[in-house]
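The sequence lines fix the lettering, A, B, ..., with proteins before strands; numbering per chain opens at 1.
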Amino acid sequence: MARANDEAAELIQELADLLSITGGDAFKIRAYEKAARAIAGYPEDVSGLDLAGLKKIPTVGEAIAKKVLDYTITGTIRQVEELRAQIPAGVRALTTIPTLGPKKALAVYEELGISSVPELAQAIQEGRLRDLKGFGAKTEDNILRGIELMQQSGERVLIDAAADLADEIVAALTAHPAVQRCAHAGSLRRMRETIGDIDILAASTDPHPIMEAFTALPYVTDVIASGDKKTSVRTTRGLQVDLRVVPPESWGAALQYFTGSQAHNIRTREIAVRAGLKLSEYGLFDAESGALIVSETEEEVYARLGLPWIPPTLREDGGEIEAALRGELPRLVTVDDLKGDLHSHTDLTDGLATLEEMVEAAAARGLEYYAITDHAPNLFMQRMTDEKMLAQREQVRALQAKYPDLTLLHGTELNINPDGEVDWDADFLAGFDVCVASVHSAFTQDKAEMTRRFVRACENPHVHVIGHPTARLIGKRPPVDADWDEVFRAAARTGTALEIDSFPDRLDLPADLIRRAVRLGVKFSIDTDAHALGHHRNIRFGVGTAQRGWLTPDDVINTWPLDRLRAFLGTS
DNA sequence: CCTCCCCAGAGGCATTCAGTTCCCTGAAT
């Protein structure tokens, strides 16, 4: 992964944030924001580019290229450092509170001297905020709720950040000569939505040099604890990583134990006890003699307990033990089962890559069909028109000739208006191969209205997939309120699929709702919602979420062959 | 700040709506 691009983009974005607090030219700020996204999504590593190379990045000109070059050479950007010195870090933290932007953050800082989230919360308790112009009781309320939402997500990070770091560490340790096996465990292996800390497991007879290599990794900032069995470090992004080294003969039991969940492990240990065995992270033992029975692989451990191997994504004590005992574990959907992707964007709207680039990336994934679904006109900021959409359709049709093995579908992502209607009339909609429809506005409708809205959308014969149904943004925006069972029944009845959006901050539908929906006969579409080439990799998180919802390939319409999919869509 | 291209300087730069407060900010992808 191009880590330098991410860091450079982050610095440029920070520059934009800082300028929006100090108050600069709005257009300049927007230029930085746009460039930050372009840099993050640029396929070439910026650390290897000179000034001329940098200027080839779309929306990057002389000024921004120089700043990126500054970063490549010095590791930071001078202007960012200067602004950081002017504005306390806490004031920037204030702008991360939903509903509190740069203007309001600056106001509380300048008028009341508030420069941290706790101070702000206290000022609200004391009623000091409502005297400022532009602030009222409702504003106070919204800020408090925003703070609460942030605190709920706490120190946990999104799954992509944890996965990238874990992959790097596992790769680095696997290369160490003393390491026989290495893998990540914990909530990341179970594909939970957010990750509190990363658990890495290594098998070796010689732990000491491994621990040394681990603490010497470049992104390690602090060593919290270090012994021969366990070492804990903190990394540059604040994430804690625990490394445990076990003897090779304990690998299976250790992997099982450190993968969890705790509730699942309690169940497996109970089964062991009832069978006269003892299960610990060091192995499965005979309770009386203490003799080691098995432990080299997880499969052995489960088998000796009378269970088939249980996929980590099911290990939540959510009925997987019972299903395993009955021999009825689902055959979970995998990334390899997917034949297509039904939701993606190009630079015609807010995507970063061209149509041609996105299609090439889809071909590289080995997909058999791929839908381009740019935004529709009612998302006004995207400035979509009928003419642009039809012109894109011509481009898609023309591009098809280059891809004999990949069927291109021309679609759109519609907006479900508050009344449940969508952007275009039936005639225009009939021209698309596939229509995703999503809620992008009026998130706070009450339950009855929201339910009606979704049901209406499902009943539209041209709507094939409901995109990111709960519209939540993890740690930022709560899910919308709807009577989900009623929505699911409508989706099942009308043959409307529900999306599992693979974006790490969405993962929407969430796993618990997927399980409820599948029981009511709903079908699903696991999509990337890709806005850049790199987003295609997110599909693994959507699949992980689907697995946590117990989905089989048959439940997922984009595992189906194209003709079956077309029959389902009714657009053949 | 970028693009364009009369290579210096003009023209362009997502836009709209909801919410809250009283005119403006923040959110929407």
Side-chain angles (χ1 to χ4, degrees), chain A residues 12-13 15-17 19-21 23-39 41 54-68 79 94-108 129-143 145-146 149 343-353 373-385 388 412-418 423 436-445 467-468 471-473 476-478 480 499 501 503 505-506 508 527-532 535:
Chain A
I12 299 288
Q13 176 64 48
L15 188 55
D17 292 345
L19 279 175
S20 67
I21 293 172
D25 175 13
F27 291 116
K28 191 162 139 187
I29 293 165
R30 199 173 297 153
Y32 286 144
E33 286 176 338
K34 212 168 158 189
R37 272 180 284 130
I39 291 164
L54 289 167
K55 282 168 74 173
K56 290 215 179 75
I57 303 172
T59 77
V60 173
E62 183 81 13
I64 294 174
K66 275 188 176 153
K67 289 179 176 68
V68 176
Q79 290 90 338
L94 296 182
T95 65
T96 62
I97 300 169
T99 75
L100 187 74
K103 295 285 187 299
K104 286 200 149 84
L106 188 66
V108 297
L129 225 60
R130 64 185 62 181
D131 299 333
L132 301 183
K133 56 176 172 296
F135 290 76
K138 195 70 195 173
T139 308
E140 291 182 332
D141 225 46
N142 286 337
I143 293 174
R145 270 195 290 141
L149 195 69
H343 187 174
S344 73
H345 298 269
T346 73
D347 60 2
L348 182 62
T349 55
D350 57 348
L352 289 164
T373 56
D374 271 313
H375 288 289
N378 290 354
L379 199 61
F380 301 100
M381 58 196 163
Q382 306 295 353
R383 302 200 294 185
M384 178 53 74
T385 62
K388 281 185 180 173
T412 181
E413 183 182 14
L414 301 162
N415 305 287
I416 307 175
N417 296 343
D423 304 68
V436 177
S438 314
V439 166
H440 290 132
S441 63
F443 300 103
T444 55
Q445 278 184 316
H468 47 70
R472 69 167 178 177
L473 292 176
K476 278 208 205 105
R477 184 170 67 207
V480 298
E499 183 177 62
D501 189 303
F503 246 83
D505 63 351
R506 289 196 185 270
D508 189 7
D527 301 323
T528 55
D529 191 3
H531 285 66
H535 295 166

[X]: partners by side-chain hydrogen bond (donor to acceptor under 3.5 Å, both in side chains), with sequence neighbours left out:
X: A:Asp501; result: none
X: A:Glu33; result: none
X: A:Arg130; result: A:Glu140
X: A:Thr373; result: none

In whole Å, what separates the [atom1] atom of [N] from that of [M]?
N: B:dT21; M: B:dA27; atom1: P; result: 15 Å
N: B:dC23; M: B:dT29; atom1: C1'; result: 27 Å
N: B:dG11; M: B:dC5; atom1: P; result: 14 Å
N: B:dT16; M: B:dT20; atom1: P; result: 22 Å
N: B:dC17; M: B:dC22; atom1: P; result: 23 Å
N: B:dA14; M: B:dT3; atom1: P; result: 12 Å
N: B:dA10; M: B:dG19; atom1: P; result: 42 Å
N: B:dA8; M: B:dC1; atom1: C1'; result: 16 Å

Task: Along DNA chain B (nearest heavy atom to each residue), the more 5'-positioned of A:Pro58 and A:Leu379 - done: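 Taking each residue's closest nucleotide, the earlier one in sequence belongs to A:Pro58.
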Open item on the list: Between A:Asp350 and A:Lys28, which residue's closest nucleotide on DNA chain B lies nearer the 5′ terminus?
Closed with: A:Lys28
- [ ] Find out whether A:Gln382 and A:Asp350 are in side-chain contact, i.e. whether some heavy atom of one side chain is under 4.5 Å from a heavy atom of the other.
- [x]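 Yes, at least one pair of side-chain atoms sits under 4.5 Å.
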Which part of the nucleic acid, if any, lies within reach of [X] when heavy atoms closer than 4.0 Å are counted: base, sugar-phosphate only, or nothing?
X: A:Thr444; result: sugar-phosphate
X: A:His345; result: nothing
X: A:Lys66; result: nothing
X: A:Thr99; result: sugar-phosphate
X: A:Arg506; result: sugar-phosphate
X: A:Asp25; result: nothing
X: A:Arg383; result: sugar-phosphate
X: A:Ile29; result: nothing
X: A:Ala137; result: sugar-phosphate

Task: Value rounded to 0.5 Å, distance of OG1 in A:Thr95 from CD1 in A:Ile21 - done: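 Taking OG1 in A:Thr95 and CD1 in A:Ile21, the distance rounds to 5.0 Å.
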Task: Euclidean distance, A:Arg30 CZ relative to A:Thr59 OG1, rounded to 0.5 Å - done: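 One gets 13.5 Å once the value is rounded to the nearest 0.5 Å.
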Open item on the list: Which residues pass the ring-ring contact (aromatic ring centres under 6.0 Å, His included) test with A:His440, not counting sequence neighbours?
Closed with: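 A:His375, A:His468.
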Open item on the list: Students should find this one: the first and last nucleotides of DNA chain B, 5' to 3', lying under 4.0 Å from a heavy atom of chain A. What are they?
Closed with: B:dC1 to B:dT29
